[in-house]
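Mind looking over this structure? Questions follow.
Naming convention: chains lettered A, B, ... in sequence-line order (proteins, then strands); numbering from 1 in each chain.
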2 protein chains.
Amino acid sequence: MDNPAILEQPYITITNIIWSFDRETDQLQVLLVKRASNPYADYWALPETFMRAQESADEAALRLVKEKIGLTLSNYHTEQLATFTHNDRAPGERALSLAYMTFLPEMPPLKAGYGALDAHWFTFSATEAGQFSLTYRQLHFMTATSHSQHSYYKNFKIARGRDYLAFDHDWILKVACQRIKNKLNYQPNILLVLGHDFTLKEARTVYAAFFGIPVKAIDNSNFKKTHQHLFKEVGTTTRRQIGRPAKLYKLAQIEE
Amino acid sequence: MDNPAILEQPYITITNIIWSFDRETDQLQVLLVKRASNPYADYWALPETFMRAQESADEAALRLVKEKIGLTLSNYHTEQLATFTHNDRAPGERALSLAYMTFLPEMPPLKAGYGALDAHWFTFSATEAGQFSLTYRQLHFMTATSHSQHSYYKNFKIARGRDYLAFDHDWILKVACQRIKNKLNYQPNILLVLGHDFTLKEARTVYAAFFGIPVKAIDNSNFKKTHQHLFKEVGTTTRRQIGRPAKLYKLAQIEE
DNA sequence: TTTATTAAAGTATTAATTACTTATATTAGT
DNA sequence: ACTAATATAAGTAATTAATACTTTAATAAA
């Protein structure tokens, strides 16, 4: 091709933001692992892996899911988020990160495995002002507060404490939250964390989580009117509960 | 990190879709080059380069612009599109493509250079049905017609004639057109091909090009009402022309 | 059977979009 | 200098969509 001056190829890392939904607490969850080795040993981070010769990046992202939760799940949706290439994003080495998002239809138990010291589901929450955070017991991580990529990496070189995620993962998470929020009105794939079908209230719960508002702040009747073109009715819930049974919907279109 | 089983790293290619606007014909332009070397020697393709050790992918994308048009332009906007990683996208080798888009504020003359046999601005056009194509003299290339990534690559292995672009560049272009079209209503960065400021009519010309409809099909008054929150008034045009002088606008927000 | 609960369905108001009309600022021709 | 032609800004009425709120319906438990 153009120019043979490839001095050295950077490492290609696949980073996957794995989402699920806890039906006990009605809260969104994100999978974080505690890194075993440098750089950022002992830091919490998004699950990562190196790409292998015979697999595509999409396949590598799926492999990450399998490594952390086992092979039990049969259907989940993975989509590309963006690629992060800033020179300083990994200390002392050059590493590209192809970031993906996976939406799991349930919240399976985790195993650290493959060199990670620990793995946990962190509870996702947001403020009305647009800040996002992940919490597990006393551990609490904020996504980046910078508005632009440029301003984020400008201050990135400084040493970061243990209250930060490894690498630029706080920025990657911010980009992910932003993307999901943007797509809520035309392609809310995040709803796949609710499984194959869902009630309008469950859908509103997910929406409310991203806006940092209570579910009841979103009117069910109006929500149906403005979003029903995205959903397809597939029956009525059979789950025994008090009150009128809710109708079930699924996403009308999963494709890009 | 997780696993040392990296057999071999794939090539990392930067692909850049460079857009401009021809004020003579009021048509959008895309830069294509004729490849000098294999794979796909003699095929027309999007400009590509390998990433170098000391530059970020963003910088490599900008370098591509400089190589093709020289160093004359001072301001242009580049943004990431997506990363293409399918196993079969390059014959006999493994190559990732980090795809970018650059919007040039004018339409400078081109030089092939850096191993390309030829380089030209191709006129972009679309149909109302959502098909896109690039034309230069008797050369005519369609973007992919597949609706999904999966269906595109399913039929990709078959030998492709010279009426196709190299690699999966027809698919990359399709994704680009789709992305630009989606962003017209909230972040129309494509308007940067019009330069720092533009009239509403010029903006409508660009919109109409992506919808495959004539400019006059978009009402100027209504367009202003629905889009003025994206624009900021910066004066009145000084270009001598018949009729009432148009007001000038610029994009209110360039940032992601 | 009654009450509490939950969600669906309906209604009236408000806001946004669309189609269309009028007014204004300029150039070119007489 | 006046008039016609042109191009765009600005305004208006009708339609459509979004929002706030109310009523109806289906279930579980007392």
Side-chain angles (χ1 to χ4, degrees), chain A residues 23-26 128 181-188 191 194-195 197-208 210-250 252, chain B residues 21 23-26 128 181-188 191 194-195 197-208 210-211 213-250 252:
Chain A
R23 289 189 175 274
E24 309 273 314
T25 61
D26 274 358
E128 205 163 346
K181 221 172 148 177
N182 283 339
K183 287 179 101 172
L184 285 179
N185 285 317
Y186 67 97
Q187 200 179 71
L191 294 181
L194 298 171
D197 45 38
F198 49 83
T199 67
L200 288 184
K201 185 174 190 184
E202 290 168 341
R204 285 189 291 128
T205 304
V206 172
Y207 277 63
F210 277 91
F211 291 117
I213 57 174
V215 201
K216 53 172 60 171
I218 306 175
D219 183 272
N220 192 61
S221 184
N222 295 337
F223 181 77
K224 184 181 178 181
K225 280 181 218 158
T226 50
H227 289 85
Q228 67 180 353
H229 64 287
L230 302 170
F231 306 149
K232 202 184 155 196
E233 208 177 312
V234 287
T236 304
T237 185
T238 54
R239 266 166 290 181
R240 285 304 170 94
Q241 55 170 21
I242 200 168
R244 180 174 174 166
K247 288 187 176 177
L248 288 174
Y249 297 86
K250 65 167 189 172
Chain B
F21 188 76
R23 288 189 175 277
E24 309 273 313
T25 61
D26 274 358
E128 204 163 347
K181 221 172 148 177
N182 283 338
K183 287 179 102 172
L184 285 180
N185 284 316
Y186 66 99
Q187 199 180 71
L191 294 180
L194 297 171
D197 44 37
F198 49 84
T199 67
L200 287 185
K201 186 174 191 182
E202 291 168 340
R204 286 188 292 126
T205 305
V206 173
Y207 277 62
F210 277 92
F211 290 116
I213 56 175
V215 202
K216 53 173 60 171
I218 306 176
D219 182 273
N220 192 61
S221 184
N222 296 336
F223 182 76
K224 184 182 179 182
K225 281 181 217 158
T226 50
H227 290 85
Q228 68 180 351
H229 65 287
L230 300 170
F231 306 151
K232 202 184 156 193
E233 206 177 312
V234 289
T236 302
T237 186
T238 55
R239 266 165 289 180
R240 285 304 170 93
Q241 55 172 23
I242 201 169
R244 179 172 177 168
K247 290 188 174 175
L248 288 175
Y249 298 86
K250 66 166 189 172

Is there any protein nitrogen or oxygen under 3.5 Å from a nitrogen or oxygen in nucleotides 2-4 of chain C, and what are the pairs?
none

Parallel, tilted or perpendicular: which describes the rings of Phe231(B) and Tyr249(B), with under 30° parallel and over 60° perpendicular?
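Ring orientation, 0 to 90° scale: tilted.
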Please produce a list of atom pairs where a protein N or O lies less than 3.5 Å from an N or O of nucleotides 13-18 of chain D.
none

Is there a side-chain polar atom (N or O) of Asn220(B) under 4.0 Å from OP1 or OP2 of dA7(D)?
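No, outside the criterion.
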Closest-nucleotide ordering on DNA chain C, the 5'-leading residue of Thr236(B) and Ser221(A):
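Looking at DNA chain C, the more 5' nearest nucleotide goes with Ser221(A).
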Using the side-chain heavy atoms of Asp219(B), tell me which of these nucleotides is nearest: dA8(C), dC20(C), dA7(C).
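For the Asp219(B) side chain, the nearest candidate turns out to be dC20(C).
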Results of salt bridge (Lys or Arg N to Asp or Glu O under 4.0 Å) for Lys181(A) - residues two or more places apart only
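Per chain and number, Lys181(A) pairs via salt bridge (Lys or Arg N to Asp or Glu O under 4.0 Å) with no residue.
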Below 4.5 Å, heavy atoms only, C-beta onward: do Leu248(A) and Thr236(A) meet side chain to side chain?
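A side-chain contact is absent here, since even the closest heavy-atom pair is not under 4.5 Å.
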Phosphate contact (dA10(D) OP1 or OP2) by Lys224(B) side-chain N/O below 4.0 Å:
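Affirmative; the distance criterion is met.
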Looking at Arg204(B) and Val215(B), what are the two nearest heavy atoms and their distance?
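That closest heavy-atom pairing would be NH1-O, 3.4 Å.
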If you look at every strand shown and take non-hydrogen atoms under 4.0 Å, does Asn222(B) touch a base, only sugar-phosphate, or nothing?
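Here Asn222(B) touches the bases of the nucleic acid.
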What's the shortest heavy-atom distance between Gln241(B) and Ala246(B), and which atoms?
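Distance-wise, the nearest heavy atoms are NE2-N, 4.0 Å.
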Under-4.0 Å side-chain N/O to phosphate OP1/OP2 contact, Lys201(B) with dA9(D):
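Looking at the OP1 and OP2 atoms of dA9(D), neither is under 4.0 Å from any side-chain N or O of Lys201(B).
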CA sep, side-chain torsions, deciding dist, call: Phe211(B), Leu184(B), side-chain contact (heavy atoms from CB on, under 4.5 Å)
CA-CA 11 Å; Phe211(B) 290 116; Leu184(B) 285 180; 3.9 Å; yes
Expressed as a whole number of angstroms, how long is the span from Lys247(A):NZ to dA25(D):P?
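The answer, rounded to whole Å, is 14 Å.
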Distance, rounded to the nearest Å, where Leu248(A) contributes CG and dA26(D) contributes P
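Checked: the CG to P distance equals 17 Å.
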Would you check if Arg23(B) and Leu194(B) make a side-chain contact, meaning some heavy-atom pair closer than 4.5 Å?
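Yes, their side chains come closer than 4.5 Å.
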Decide, yes or no, whether a salt bridge links Lys250(B) with Glu233(B) under the criterion of side-chain N to carboxylate O below 4.0 Å.
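Not counted as a salt bridge, because no side-chain N and carboxylate O are separated by less than 4.0 Å.
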Spacing between Gln228(B) atom CD and dA10(D) atom P, to the nearest angstrom
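Taking atom P of dA10(D) as the reference, CD of Gln228(B) is at 10 Å.
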For His227(B) and dA16(C), what is the distance between atoms NE2 and P respectively, to the nearest whole Å?
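That distance rounds to 15 Å.
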Taking the side chain of Arg244(A) as its heavy atoms from C-beta onward, which of dG10(C), dA8(C), dA25(C) lies nearest to it?
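Looking only at side-chain atoms, Arg244(A) lies closest to dA8(C).
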Assess the side chains of Gln187(B) and Lys183(B): does a donor N or O sit below 3.5 Å from an acceptor N or O?
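Present: a donor and an acceptor within the cut-off.
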